[in-house]
Amino acid sequence: MDPISIGASQLQLSIRSNSEGKFRNDTSEKQEDAFKEVITSCRSLNKYETNTLKTAIPQISAAIAAASFHVYVGIALSYSSILVPQIESPDSDIPQTTKTLTSLCASIVVLMVPVGSLIAGYLMDIIGRTNTIKVAVFPAVLGFIFVALASDVYYILAGRILTGLACAIGTSPAYVFITEIARPDLRGSLISSAPTIASLGMCLAYIAGVLFDWRTTAWLSIIFAVIPILLVQFAVVESPVYLVSKGRIEDAAKSLKYLYKKYPQPDQNESLADMHLRALICDNEKRIAEKIKVSSMTDVKSHKTQSKWANFKKPTGYKPLIILFFLFFIQQFSGIYITLFYSVTFLQDVGADGIDPFVSSIFLGVVRFLMSLMNAWLLRRFKRRFLIMVSTFFMASFMFISGSVTIWIEEGAKELKVVPVICLLGFVCSSMIGLLSIPWTLTAEMFPTSIRSAGHSISFSIANILMFVAVQAYRPLLYILGGPHAVQWFFALFSIIGFFFALCVLPETHGKTLAEIEMHFEKKSPAKNRVNASDIYSVSANSKEVEQMLKMKENA
């Protein structure tokens with residue numbers, strides 16, 4: 001038997017012995033000993049862990065495969081831009097369509113995402129991150145079958161409801177999974193792979209919209225629901241954080257062995273993956289002993305749910321929720337997703353009706369995809385706040401210019417009709433720099449391990465409720481504000497608000513470990529607080545941070 005299996009077996013016996021009786025009075029002393037062992041392990045990691053991409057290939061491949069279901073999400077979100085114009089046309093075979101019903105067909109997907117997110121949050125803690133992604137295939141396939149066979153608009157609505165549930169169930173676990181397996185320097189880029197893949201799905205949907213009718217596009221979309229599930233089944237290991245939390249130590253050992261197989265291994269009996277496994281177990285036992293003050297494992301189970309929701313009363317729980325609410329509010333009413341859902345209709349409204357809007361939407365999709373790829377690089381190089389500020393500044397500029405030109409087009413300057421298209425492309429490029437992708441990244445980064453699944457699901461739900469409100473509000477805003485030019489200025493105003501929100505309110509998470517982010521919301525000084533095993537696990541890839549934490553531990 002290899003060393004990691006031996007270590008896993010020994011550690012599992014330790015877990016079982018703890019679960020069969022009551023916690024002993026010397027728990028704190030034992031946790032101190034466990035902490036010292038993790039410190040020793042992390043010191044030995046210094047010369048074995050590197051920041052090269054080659055060593056992270058298993059983590060990168062697992063993250064991309066887990067996020068691959070986002071291609072379906074991109075198709076589902078952009079499908080409305082294909083569907084709505086065709087079923088509203090005079091020669092449509094769908095009877096009894098109204099502007100209200102077609103708007104609901106466009107936005108009901110995001111209305112169902114909060115429900116799906118809560119379901120996903122529950123399933124993630126019960127069956128695991130990767131198994132939850134697999135569950136999404138059932139509503140995903142059934143939803144597009146309903147749409148493809150629809151005889152009236154209500155069948156389309158039913159199908160869109162199912163696709164909305166699938167979008168949440170298949171994507172929420174991916175963000176949590178990537179957060180838990182990625183090393184700190186790659187975490188932002190790997191999380192951003194999800195929006196990148198969604199952008200690819202949008203491109204595919206726009207291209208299909210030019211080549212096929214909406215029913216054929218629906219049938220083709222089913223393929224992109226099934227392929228990602230096959231990738232998850234055969235190319236993704238389960239999150240070791242989840243496995244350890246469930247006492248499945250041997251499975252966690254196998255998962256870590258895969259994720260760290262490309263790293264140089266220590267010249268000793270204990271493997272690199274085994275060191276990380278001990279850190280994870282120490283973190284899990286410490287959380288049980290210190291955060292859940294009960295006498296036995298039976299009491300732990302009975303108090304688990306109560307303890308989780310009580311954590312939202314702490315600064316580490318409610319502060320991220322409040323910040324994310326306002327950030328998503330700004331994101332949605334800056335027009336990012338309104339222009340996505342109504343890309344064809346929006347171009348017609350702003351006066352670009354002389355240009356084929358379906359072809360223009362393809363360009364929008366391609367630009368969004370290419371900028372998503374660039375965003376993955378930007379997230380490794382630049383701070384989150386800086387990227388959002390750059391993003392919102394240019395978004396506001398493009399929308400202000402486009403709104404002004406729209407007035408001139410309405411007054412007869414038809415030769416300028418290409419300008420709104422160019423401005424919309426610039427707006428999309430600018431949004432991809434920061435305001436579109438970074439808020440989704442933060443939903444997993446800003447919550448501590450104990451409530452990460454629930455926190456992500458709640459913030460994800462809030463974001464999609466706001467998205468539904470914003471998408472539904474587009475046509476009323478046209479009437480209330482006095483036309484498409486005013487709506488574009490409205491988007492510019494919210495982009496400016498986003499600039500100052502990032503400057504004055506948003507905390508910086510770039511390059512920080514998950515423990516440091518949690519410490520920020522606790523408003524604690526690192527020199528005055530004990531560092532736990534989760535800190536060590538999060539930063540073990542960085543030798544300088546480990547040494548710094550050692551000094552803090554000695555000064556505590």
Side-chain angles (χ1 to χ4, degrees), residues 66-67 69-70 72-73 109-143 161-181 191 194 225 228-229 232-233 236 238-248 251-252 284 287-288 291-292 297-314 316-318 320-321 324-325 328 440 443-465 467-468:
F69 194 80
H70 279 76
Y72 175 89
V73 176
V109 168
V110 294
L111 183 63
M112 297 311 301
V113 168
V115 180
S117 296
L118 296 176
I119 295 172
Y122 175 77
L123 291 177
M124 273 190 274
D125 288 335
I126 301 300
I127 65 175
R129 288 36 166 158
T130 58
N131 285 330
T132 302
I133 298 174
K134 298 172 190 175
V135 169
V137 72
F138 300 105
V141 171
L142 192 59
I161 287 171
L162 289 171
T163 56
L165 291 173
C167 286
I169 296 173
T171 58
S172 289
Y175 285 102
V176 175
F177 174 83
I178 295 171
T179 300
E180 292 177 342
I181 69 161
I191 292 176
I229 301 304
V232 172
Q233 175 66 34
V236 180
E238 183 55 87
S239 164
V241 176
Y242 165 78
L243 293 171
V244 168
S245 71
K246 295 299 181 182
R248 296 167 55 185
D251 291 334
N284 191 59
R287 188 179 302 116
I288 293 173
K291 293 186 178 180
I292 307 177
M297 288 301 293
T298 302
D299 294 331
V300 167
K301 293 178 181 178
S302 65
H303 287 78
K304 184 178 180 181
T305 301
Q306 180 181 353
S307 175
K308 177 178 290 187
W309 294 111
N311 284 329
F312 282 100
K313 297 179 181 179
K314 299 178 181 178
T316 53
Y318 68 79
L321 275 180
L324 287 170
F325 171 83
F328 277 116
W440 302 106
T443 59
E445 282 188 331
M446 291 176 70
F447 292 100
T449 303
S450 58
I451 57 171
R452 184 170 297 134
S453 296
H456 170 78
S457 297
I458 292 172
S459 56
F460 202 74
S461 300
I462 291 171
N464 282 275
I465 291 172
M467 191 188 300
F468 172 80

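Source: prediction; values computed, not measured.
Contacts of Tyr318 classified as side chain to side chain contact (heavy atoms under 4.5 Å, CB included), with partners at least two apart in sequence or in another chain: Pro315, Ile322. Applying the ring-ring contact (aromatic ring centres under 6.0 Å, His included) rule to Phe69 yields the partners Tyr72; only residues at least two apart in sequence or on another chain are considered. Judged as a side-chain hydrogen bond (donor to acceptor under 3.5 Å, both in side chains), and not counting sequence neighbours, the contacts of Thr130 are Glu238. Residues that satisfy the ring-ring contact (aromatic ring centres under 6.0 Å, His included) test with Phe328, not counting sequence neighbours, are Trp440. Among residues two or more places apart in sequence or in another chain, the side chain to side chain contact (heavy atoms under 4.5 Å, CB included) test is passed with Phe138 by none. Looking at residues two or more places apart in sequence or on another chain, you find a side-chain hydrogen bond (donor to acceptor under 3.5 Å, both in side chains) between Ser239 and Glu180.
In terms of heavy-atom proximity, Val141 sits nearest to Ala225 at CG2-CB, 4.3 Å. Here the closest non-hydrogen pair linking Val113 and Gly164 is CG2-O, 3.6 Å. Taking every heavy atom of both residues into account, Val109 and Cys167 meet most closely at CG1-SG, 4.4 Å. The heavy-atom pair separating Pro173 from Ile133 by the smallest distance is CB-CG1, 3.7 Å. A pairwise comparison of heavy atoms in Val232 and Ala66 identifies CG2-CA, 4.2 Å as the closest pair. Residues Ala120 and Ser172 approach most closely at CB-CB, 4.0 Å, considering heavy atoms.
A heavy-atom distance below 4.5 Å is found between the side chains of Ile458 and Leu321. Contact of the Ile181 side chain with the Pro240 side chain is registered, since non-hydrogen atoms from C-beta on lie closer than 4.5 Å.
Between Asn131 atom CG and Met124 atom CE the span is 12.5 Å, to the nearest 0.5 Å. Separation of atoms CD1 (Ile169) and CG (Leu123) is listed at 6.5 Å; rounding is to 0.5 Å. The line from CG of Leu165 to OG of Ser117 is 9.5 Å long, rounded to the nearest 0.5 Å. To the nearest 0.5 angstrom, Ile191 atom CD1 is 3.5 Å from Thr179 atom OG1. Atom CD1 of Ile465 sits about 9.5 Å away from atom CZ of Phe325, to the nearest 0.5 Å.
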Q. Passes side-chain contact (heavy atoms from CB on, under 4.5 Å), Leu118 versus Ser461? Steps please.
A. CA-CA 7 Å; Leu118 296 176; Ser461 300; 4.1 Å; yes

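The closest donor-acceptor contact from the side chain of Tyr242 to the backbone of Ile126 lies under 3.5 Å.
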